[in-house]
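Below is one structure, written out as structure tokens, with a few remarks after it.
A note on names: the letters A, B, ... follow the listed sequences, proteins ahead of strands, and every chain is numbered from 1. FYI, side chains are in, hydrogens and waters are out, and symmetry mates aren't considered; it's all heavy atoms of this structure.
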Amino acid sequence: MAPIGTRSTVEDATVGARVAKRTASTISYNAALLSARWARDLTDELRRRVSAETTIHSVAAGGYVCRKGDRVESWIGVLDGLVKVSSVSPEGKSVSFIGVPSGGWFGEGSLLKDEPRRYDAVALRSSIVAYMPRNTFMLLLDSSVPFNRFLLIQLNERLGQFVAMVEYDRLLGPDARLAKELAALCNPLLYPGTGNTLPVSQEELANLVGLSRQRVNQGLRQLERARLVRVGYRGLTLLDLDGLRRYEDGVR
DNA sequence: GCATTAACACGTA
DNA sequence: TACGTGTTAATGC
């Protein structure tokens, strides 16, 4: 009975070939870990605990970061790459998607509620993922006001996102859903590191929004005509974040 | 109709 | 060269 250190699903998602390199890369990604917004105002002691106890794994494109039904043992952060979190209905039908780019953290809800994970998270491209153990997370929760403030803001923001998403899925067309997804990906409050340029291919975007790549391409050109984004090679620049949020499919 | 898949040519890293 | 992108045609709901 030694539950500590058992993380079979994490191992499944880890690229075997890269395990040997983990020690070296862990050091370089430690800086990324501690530069997260929630980590900035921690005491030195807490920062030390965080970097000592958080494990960092690389996940290959298409690999699982966590799976629905898993026991929730950690708070998950994307240090590099892009992760798709998909909520699915009991029938197995996908109902909503959210993208988590570098700098984003998720899973605090499941951690707080102490229930099995209710969604899958899949790396859309090769990603570096941090797993903060429940104990460390609880320690921060018990001892740091800035950390609590970060969580409160993030939860509130996320709640708004999900409420909006339900509405959009039913009321809006593909182009507008694409616009909303782009705005959500770049939400500065949730993901401060993202800036205004998204290194996201159209295929990744298609997976995120639930459309074909061709349809996403068509939608992007529409948004480009509306001067909301600039489409580039393997990425795009968001010109008008507010405009994207408000985009309502000028069809009628 | 509208979106998807399949297939192709082209440009970029 | 390998991969992402832009486009078109055929197919399905």
Side-chain angles (χ1 to χ4, degrees), chain A residues 13-18 21 25 28-29 32 58-65 78-104 119-129 164-186 191 193-241 243-252:
Chain A
T14 307
V15 195
R18 295 196 182 165
K21 285 165 50 182
S25 53
S28 55
Y29 282 106
S58 71
V59 181
Y64 280 95
V65 170
V78 181
L79 300 186
D80 188 36
L82 181 65
V83 170
K84 176 187 77 173
V85 175
S86 52
S87 278
V88 294
S89 69
E91 304 82 40
K93 185 187 175 190
S94 297
V95 287
S96 58
F97 293 96
I98 205 177
V100 185
S102 341
Y119 46 77
D120 293 322
V122 177
L124 287 183
R125 74 166 77 113
S126 178
S127 299
I128 305 295
V129 180
M165 214 181 304
V166 174
E167 183 186 353
Y168 300 152
D169 268 357
R170 285 162 177 68
L171 299 181
L172 299 181
D175 290 352
R177 291 215 308 275
L178 178 60
K180 304 289 185 193
E181 180 63 36
L182 288 176
L185 266 179
C186 202
Y191 313 116
T194 306
N196 275 341
T197 73
L198 288 173
V200 177
S201 76
Q202 299 181 6
E203 178 140 21
E204 289 173 342
L205 224 38
N207 286 327
L208 229 44
V209 192
L211 294 169
S212 66
R213 176 180 68 81
Q214 291 87 336
R215 188 58 185 82
V216 166
N217 180 264
Q218 191 181 323
L220 282 177
R221 282 188 289 110
Q222 177 76 27
L223 295 178
E224 195 170 36
R225 273 196 296 278
R227 309 230 177 278
L228 298 176
V229 302
R230 181 151 12 93
V231 181
Y233 186 72
R234 223 195 176 299
L236 57 161
T237 306
L238 307 190
L239 301 175
D240 184 354
L241 194 51
L244 284 172
R245 287 205 193 92
R246 296 189 202 301
Y247 190 85
E248 298 276 324
D249 238 350
V251 181
R252 52 179 246 95

(Q) With a 4.0 Å cutoff (strictly under), does any side-chain N or O of A/R215 reach OP1 or OP2 of B/dA3? (A) yes

Q: Figure out the CD/P separation between A/Q218 and B/dG1, and round it to whole Å.
A: 15 Å

Could you go over nucleotides 11-13 of chain B and give all protein N or O partners under 3.5 Å, atom names and distances?
from   : atom 1 : to     : atom 2 : distance (Å)
B/dG11 : N2     : A/Y233 : OH     : 3.4

Q: Take the protein atom CD of A/Q222 and the nucleotide atom C1' of B/dA3, then report the distance between them rounded to whole Å.
A: 15 Å

Q) When the distance from CG of A/L205 to P of B/dA3 is rounded to whole Å, what number comes out? A) 16 Å

Q | Inter-residue atom distance A/L239.CG - A/L244.CG, 0.5 Å rounding | A | 8.5 Å

Q: Begin with the C-alpha distance, continue with both residues' side-chain angles, and end with the deciding distance and a verdict on side-chain contact (heavy atoms from CB on, under 4.5 Å) for A/L228 and A/L241.
A: CA-CA 7 Å; A/L228 298 176; A/L241 194 51; over 6 Å; no

Q | Side chains of A/V100 and A/V85 in contact at under 4.5 Å (non-hydrogen atoms) | A | yes

Q.
With side-chain contact (heavy atoms from CB on, under 4.5 Å) as the criterion, how do A/L178 and A/L220 come out once you've worked through the C-alpha distance, each side chain's angles and the decisive distance to 0.1 Å?
A. CA-CA 8 Å; A/L178 178 60; A/L220 282 177; 4.0 Å; yes

Q | Whole angstrom value for the distance that separates P of C/dG4 from CG of A/N207 | A | 12 Å

Q) Looking at A/R221, A/R225, A/R215, A/K180, which one forms a salt bridge (charged side-chain N to carboxylate O under 4.0 Å, His left out) with A/D175? A) A/R215

(Q) Using only atom types and a distance under 3.5 Å, with no angle test, would you say the side chain of A/E224 pairs donor to acceptor with the backbone of A/V231? (A) yes

(Q) Within a 6.0 Å radius of atom CD on A/E203, are there more than 12 heavy atoms belonging to other residues, nucleotides or ligands? (A) no

Q: Before giving the answer on side-chain contact (heavy atoms from CB on, under 4.5 Å), spell out for A/V229 and A/T237 the whole-Å C-alpha distance, their side-chain angles and the decisive distance to 0.1 Å.
A: CA-CA 6 Å; A/V229 302; A/T237 306; over 6 Å; no

Nucleotides 6-13 of chain C: which of its N/O atoms have a protein N/O under 3.5 Å away?
from  : atom 1 : to     : atom 2 : distance (Å)
C/dG6 : OP2    : A/Q202 : OE1    : 3.4
C/dG6 : OP2    : A/Q202 : NE2    : 2.5
C/dG6 : OP2    : A/N217 : ND2    : 2.5
C/dG6 : N7     : A/R213 : NH1    : 3.1
C/dG6 : O6     : A/R213 : NH2    : 2.9
C/dT7 : OP2    : A/R221 : NE     : 3.2

Q. When all nucleic acid strands are considered with a 4.0 Å heavy-atom cut-off, which category describes A/S201: base, sugar-phosphate, or nothing?
A. sugar-phosphate

Q) Nearest-Å distance, CD (A/E203) to P (C/dA2)? A) 17 Å

